[in-house]
Structures are given as C-alpha cells and as structure tokens.
Amino acid sequence: MEIVLGKYGGFCFGVKRAIQLAFEKGERHDGSIYTLGPIIHNPQVVEKLDSLGVREVSDLDEVANPSESAVIIRSHGVGPQVYDRALAMGVAVEDATCPYVKRIHSIVTDLVAQEYQVLIVGEPDHPEVVAIKAYAGEHGVVVEHPSDLESIKLARKTGVVAQTTQSQEKLQQVVSALLAKRNSEVRIFNTICDATDVRQKEAVEIASGSDVVLVIGGRKSGNTNRLAEICIGIQPDTYHIETAAELQTEWFRGKQRVGITAGASTPDYLISEVIEVLQRISRENSGKT
Ligand code: SF4
C-alpha cells in the first residue's frame, strides 16, 4: 500500500510560532503562564502544554495572580480591549498573533479611521473574526454568506476583508454580490492566507489520486474540518481522525494508495504516528508481518 503525505499539511507558520512560544515559556517555568483560549485546536498539544504548567483560560478574570503571570495571545489574535484589560490588571502579554492576522487588524483600523463600513467575510463566532470585528467596532459587520448582504444596510464607503481561512470562492461570491449593489465606493482586501489556499488545493490533488484519504486534525479545528469536507466531496472513503489510535485495519483492505493531509494545528509527531501505524497495517494486510 502506497502512503502519500501532502507537503503542506500540518502546522502553518503562524501556528508554529505560537506553539513554539508556549513551549518555550512552559519549559522555562518563569511565573504562571496562561493561554487565552486553546493555543491551537488540538487537544493533544493543549494537554502537553498543561503538563508543563501552561494553562488555558477563557477569560483574563481566570488569571490567579495577575502581576506574576503572563498570558499568551494565540495566532487568532484578540481585540484591542483585551490588551487594555491586561495592561490594567498588570498581566504580562506574550503576543503570538499571526502577522497575517495583525495585518488585517491594521487594515481595519485604517478603514475605520477613514470612515469606511467594514465587511468581514467569515464565521461570526470564530475567535479570529470576533477579534477583527472588535477593531472595527460599530463599523464592522460579519458576512457569512452572500445572501447576508440583503439584510445589511450598506454605507456609501465599504471596505471588505476576509477571515484568513476562508475560501477564495466565498470571498469572490460576497464581493460579486456587493458590487451588484452599486455602492459608491468599495475597497477589497484579499486577506486569505496562502497557507490555507495551498493546503486546500493540495488536498484536492491528494483526494483525486487516492483510494482512501486520512485527514488528521482536531475535530474543533475549522480548517481541518474544511479539508475533510473537500476530500469527502472527491473521495467518499475519507476519514477525519485526531490520532493514530482511531485507525481501523478494515479501512485499508484492498486499497492501493492512502493519501494524507493534516490541518494547520496538527503537530508533526501525530502525523508520524499515523504513518507508523499505517505501515504496520499495510504489512499485516499484505501478510508480511
Ligand atoms: S493559517 Fe495563515 S493566517 Fe492563520 S495562523 Fe496560519 S499562517 Fe497565520
């Protein structure tokens, strides 16, 4: 059985940076370290960090000893109010916001200063979108589907940004619907991250050329779920797994080619474990144990 691993699966640059920072802080044990929300949508990594004393909190109020603690901001970023509150509480901030997300914050801040309405194409409850909206304040509106524009009162000047993990198709659909409204001024910023785009395109190739596909990553990870959707659409024999423990021998009986892709929050060691188990299953299925 041939095992084909995508080149672009696994940690993206922004996630790698955030994880590295969290592990460095945990290994140094300097004061109490917290992450605001899970550092990535991967329970195995969050547990590992917890064992090093890096605890997850959902709100700054949960930080026990503010003046002796540091809080790590994850790659999704947070709104300006969170920095202000941390400063007021005396909590040190270790900022691992992805630079690509930071760029969106500064675009939005500029648009607001120039009195543009800000349309954010994305999932309203996703932490990255919640933070971007916080920079836009009352000027910000989240557009999840092009049809949402029907119920939005558009301003004369409108700026569009997108959640970094949105698909290009979705952004194009929203922009087309917006242009059809004939606003007097529309500025579009394509803020979709290349890492997402490249990984999704590769997932299409992998699914097209394999007779079974594994998508490795947290079930709460939006970008992993999107990869799984893409692969299932092409190859119905696609399995979304979090760890090698979920692999079942019968999925691979009679299969020639297994394609593997992984979400942006999937560590390399989990991918390696899956490959090891697959190699064992391959030997067993071919009777060469
Ligand atoms: S997907 Fe892109 S924008 Fe998001 S954290 Fe990774 S590198 Fe940054």
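One-based numbering, in listed order, for ligands and for the atoms of each. Each residue takes its place number in the sequence, starting with 1.
With hydrogens and angles disregarded, no donor-acceptor distance shorter than 3.5 Å links the side chain of Arg257 to the backbone of Val4. No donor-acceptor distance shorter than 3.5 angstrom exists from the side chain of Ser75 to the backbone of Gly14, with no hydrogens or angles considered. At least one donor-acceptor pair closer than 3.5 Å links the side chain of Lys170 to the backbone N or O of Glu144.
Glu284 and Arg280 are joined by a salt bridge, as a carboxylate oxygen and a charged side-chain nitrogen come within less than 4.0 angstrom of each other.
Residues Ile234 and Ile232 do not share a hydrophobic cluster, clusters being chains of Ile/Leu/Val/Met/Phe/Trp/Tyr side chains in contact below 4.5 Å.
Only protein N, O or S atoms were considered, and those under 2.8 Å from atom 8 (Fe) of ligand 1 are Cys98 SG.
The aromatic rings of Tyr100 and Phe13 sit tilted, their planes meeting at an angle between 30° and 60°.
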